[in-house]
> 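After the structure tokens below, expect a handful of questions from me.
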Amino acid sequence: MTELSRAVLVAEARRWIGTPYAHQASLIHVGCDCLGLVRGVWRGVIGAEPEAMTPYAPAWSLSSSRETLLDAARRHLVEIASRYAREGDVLLFRWRDGLPAAHAAILAASQSFIHAHDGAAVAEVHFSQWWRRHLVAAFSFPGATG
């Protein structure tokens with residue numbers, strides 16, 4: 001596996017800032033959702049995506065108990081303890097207890113992350129206590145170093 005700089009991962013994620021929110025999309029400056037941002041960063045720094053996406057409803061996590069997002073992350077990323085997450089790592093969040101993980105972001109610095117949120121463009125936001133309470137898992141991209 002080729003080494004992948006965390007600075008390169010963050011720089012690629014920051015290139016997506018301002019991309020409008022669009023459900024299931026993953027096109028820089030055109031549209032993406034939270035998963036589309038992670039997919040786009042993967043393509044930008046690693047290459048072809050590891051699996052084809054299947055369609056999903058906007059509120060899929062409210063009607064399912066399956067950990068679809070968490071399971072996919074475990075198939076393709078390297079799981080780490082959340083407290084050890086570093087710049088360039090993928091963060092997964094649960095909207096509330098009992099629901100599956102349903103939101104993804106990329107850690108940009110110790111106090112900020114980059115994400116796409118319904119109704120807003122991709123942005124770098126403060127990693128507040130609210131977000132920290134909803135954090136369920138963290139993953140590194142394969143080969144991430146530095």
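Note that these values count all heavy atoms, side chains included, but never hydrogens, waters or copies made by symmetry. All values reported here derive from a predicted model rather than from experimental measurement.
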> When rounded to the nearest 0.5 angstrom, what is the spacing between CG in L92 and CG in L70?
6.0 Å
> Counting C-beta onward and ignoring hydrogens, is there a side-chain heavy-atom pair between H126 and S112 closer than 4.5 Å?
no
> Output, in order, the C-alpha distance, side-chain angles, deciding distance and verdict of side-chain contact (heavy atoms from CB on, under 4.5 Å) for I114 and R14.
CA-CA 7 Å; I114 300 163; R14 283 183 172 139; 3.5 Å; yes
> Going by the angle between their ring planes, with limits at 30° and 60°, are W131 and F113 parallel, tilted or perpendicular?
perpendicular
> Taking the six-membered ring where the residue is Trp, are the ring centres of W95 and H103 under 6.0 Å apart?
yes
> Under the 6.0 Å and 45° cation-pi test, does R132 pair with F127?
yes
> Under 4.0 Å between a Lys/Arg side-chain N and an Asp/Glu carboxylate O for E12 and R43?
no
> Under 4.5 Å between any side-chain heavy atoms of P100 and T68, yes or no?
no
> With a 4.5 Å limit on heavy-atom distance, are the side chains of E87 and L9 in contact?
no
> Treating Ile, Leu, Val, Met, Phe, Trp and Tyr as nodes and any side-chain heavy-atom pair under 4.5 angstrom as an edge, say whether V45 and V10 lie in one connected cluster.
no
> Determine whether R66 and D71 satisfy the following criterion, salt bridge (Lys or Arg N to Asp or Glu O under 4.0 Å), listing intermediate values before the conclusion.
CA-CA 9 Å; R66 293 184 55 221; D71 290 345; 5.7 Å; no
> Are the side chains of I106 and L91 in contact, using a 4.5 Å heavy-atom criterion?
no
> Are the side chains of W16 and S26 in contact, using a 4.5 Å heavy-atom criterion?
yes
> Could you walk me through whether H115 and V125 pass the side-chain contact (heavy atoms from CB on, under 4.5 Å) test, one step at a time?
CA-CA 8 Å; H115 73 144; V125 300; 3.7 Å; yes
> Which heavy atom of E67 sits nearest a heavy atom of L99, and at what distance?
OE2-O, 4.3 Å
> A side-chain contact here means heavy atoms from C-beta on lying under 4.5 Å apart; do Y21 and C34 qualify?
no
> Take V8 and F141 through the test side-chain contact (heavy atoms from CB on, under 4.5 Å) and record every step on the way to the result.
CA-CA 11 Å; V8 166; F141 281 90; over 6 Å; no
> Side-chain heavy atoms nearer than 4.5 Å, only ILVMFWY residues, links allowed to pass through others: does that put V78 and I46 together?
no
> Set out, in order, the CA-CA distance, both residues' side-chain angles and the distance that settles side-chain contact (heavy atoms from CB on, under 4.5 Å) for S140 and L77, then state yes or no.
CA-CA 6 Å; S140 292; L77 302 169; over 6 Å; no
> With the 4.5 Å side-chain cut-off for hydrophobic clustering, are I80 and V136 part of the same group?
no
> Output yes when E49 and R39 qualify as a salt bridge under the 4.0 Å nitrogen-oxygen rule, no when they do not.
yes
> Would you say L107 and Y84 are hydrophobically clustered, going by side-chain heavy atoms of ILVMFWY under 4.5 Å?
no
